[in-house]
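See below for the structure under consideration.
Naming convention: chains lettered A, B, ... in sequence-line order (proteins, then strands); numbering from 1 in each chain. All figures in this text were calculated on a predicted structure; none of them were measured in a lab.
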There are 2 protein chains.
Amino acid sequence: MSTAETPDTAGNASTREKILAAALQIFSERGFEGARTRDIAERAGANLGLIKYYFDTKEQLWKAAVDRAFEILTRDFQELMAPSSEVDERVALEQMIRRFVRFCAESPEFIRLMNDEGKRDGPRMRWLVDRHVKPMYELVRRRVESAQAKGMIPAIPVVSTHYIMVGAAGLLFSQAPECERMTGIDPTEKSTVEAHADAVVRLLMGDAT
Amino acid sequence: MSTAETPDTAGNASTREKILAAALQIFSERGFEGARTRDIAERAGANLGLIKYYFDTKEQLWKAAVDRAFEILTRDFQELMAPSSEVDERVALEQMIRRFVRFCAESPEFIRLMNDEGKRDGPRMRWLVDRHVKPMYELVRRRVESAQAKGMIPAIPVVSTHYIMVGAAGLLFSQAPECERMTGIDPTEKSTVEAHADAVVRLLMGDAT
DNA sequence: GTCTATAATTAGATAGAC
DNA sequence: GTCTATCTAATTATAGAC
């Protein structure tokens with residue numbers, strides 16, 4: 001029982017994980033510049049020096065946190081995004097939208113992170129777009145174009161579709177604190193999430209019920 | 001020609017205005033903490049000390065900049081948001097949506113500012129919601145409920161409608177730098193703006209063309 | 001691996017000349 | 001009103017003990 005007995009790559013995984021989770025939360029809430037490494041360490045219950053030990057710099061920590069956020073998304077979506085010739089495509093698309101709404105409700109950090117960095121040009125935005133957002137966009141693009149070709153969803157430019165989808169599905173949850181103060185409603189409440197998913201599906205897929 | 005001959009309240013309005021305009025841009029791009037007063041002064045072509053002279057603190061400057069952003073919105077919408085019994089309500093609603101999309105394209109700072117502060121609880125969020133966002137929400141609410149009662153738009157919870165509307169209309173423009181890197185498309189280009197407005201109207205108003 | 005202490009830098013605020 | 005110069009506090013990065 002000297003040192004290397006943890007289940008992860010190297011070092012004490014639980015501390016590393018705690019820092020990563022805290023970083024994801026704080027970076028997403030306050031943005032890169034607004035986030036303080038001291039606060040991240042504190043929320044993780046870890047020592048400030050350990051950030052350098054595990055991630056070297058604030059920027060590396062940010063990248064690791066972003067990678068983590070997209071890992072979670074990918075894990076959640078892998079099956080649903082696959083071509084899936086088994087099920088009816090319309091049903092598959094609807095399920096994809098519902099799952100995305102639920103994902104936004106559970107992981108608002110994801111939307112916050114993406115929406116924060118995409119507002120301005122800079123090395124972090126470029127890294128984020130090239131590494132994560134663009135691949136995701138291309139995946140969605142194929143789906144959308146296929147569905148549009150079959151008349152399942154309105155023929156709208158793909159860029160618009162993408163931003164409408166992300167905006168419509170995610171904003172309610174990324175703005176949860178604002179929403180709660182403004183309306184008294186906690187958007188992460190299950191019934192609210194489901195009602196929102198219904199709404200997004202209905203609008204995007206043009207159901208006229 | 002001693003000192004007081006400018007068209008504004010007091011002091012040299014043009015410098016004050018330049019600082020305010022620069023602040024609006026920089027605060028919206030980088031958030032409150034990420035914005036540096038030095039950069040704001042520099043972009044305004046003004047001296048750092050003048051920020052204290054005109055606005056006292058960074059926080060006061062932020063509030064003045066936000067007030068300015070909402071003034072622009074209000075000026076743009078005053079007529080359209082009024083009850084307007086003259087025109088067909090359906091047409092009025094559609095026009096309102098189109099105008100909001102165009103406003104987001106022209107003033108992406110507005111969406112950026114709102115979306116940044118609404119992510120976390122804090123004094124700035126509370127000030128912003130109480131002073132600006134909630135009144136706007138209540139205005140939209142009445143319109144939406146009226147339109148829903150008449151079956152003009154789908155019966156969807158007002159909270160969802162609000163965030164879907166703001167997200168669908170605004171995200172494409174608040175994320176303009178990301179969009180341009182990802183797709184090569186400049187979303188502020190006139191044809192893209194109009195196509196996006198068409199898309200949002202079509203989805204929100206359930207047209208099945 | 002974890003911690004304390006500190007160096008180096010930078011930010012907002014401010015004093016005061018012109 | 002506008003400017004230069006500086007103060008003070010806070011932040012990231014880092015050295016080094018345990």
For atom CG of A:Asn47 and atom P of C:dT2, their distance in whole Å: 9 Å
Side chain to side chain donor-acceptor pair (under 3.5 Å) with A:Glu117: which residues, sequence neighbours excluded? A:Arg120, A:Arg124
Atom CD of A:Glu42 and atom C1' of D:dT11: how far apart are they, to the nearest Å? 15 Å
Sequence-aligned protein contact record of nucleotides 11-18 of chain C, with B where the base is within under 4.0 Å of a protein heavy atom and S where only the sugar-phosphate is: BBBB----
Listed by chain and number, what are the side chain to side chain donor-acceptor pair (under 3.5 Å) partners of B:Arg126, not counting sequence neighbours? B:Asp121
Do the side-chain N or O atoms of A:Tyr53 get closer than 4.0 angstrom to the phosphate oxygens (OP1, OP2) of C:dC3? no
Not counting sequence neighbours, which residues clear ring-ring contact (aromatic ring centres under 6.0 Å, His included) with B:His132? List them please. B:Phe70, B:Trp127
Name all residues meeting the ring-ring contact (aromatic ring centres under 6.0 Å, His included) criterion together with A:Phe100; count only those two or more places apart in sequence or in a different chain, and write none if there are none. none
Looking at residues at least two apart in the chain, or sitting in another chain, which of them share a side-chain contact (heavy atoms from CB on, under 4.5 Å) with A:Glu106? none
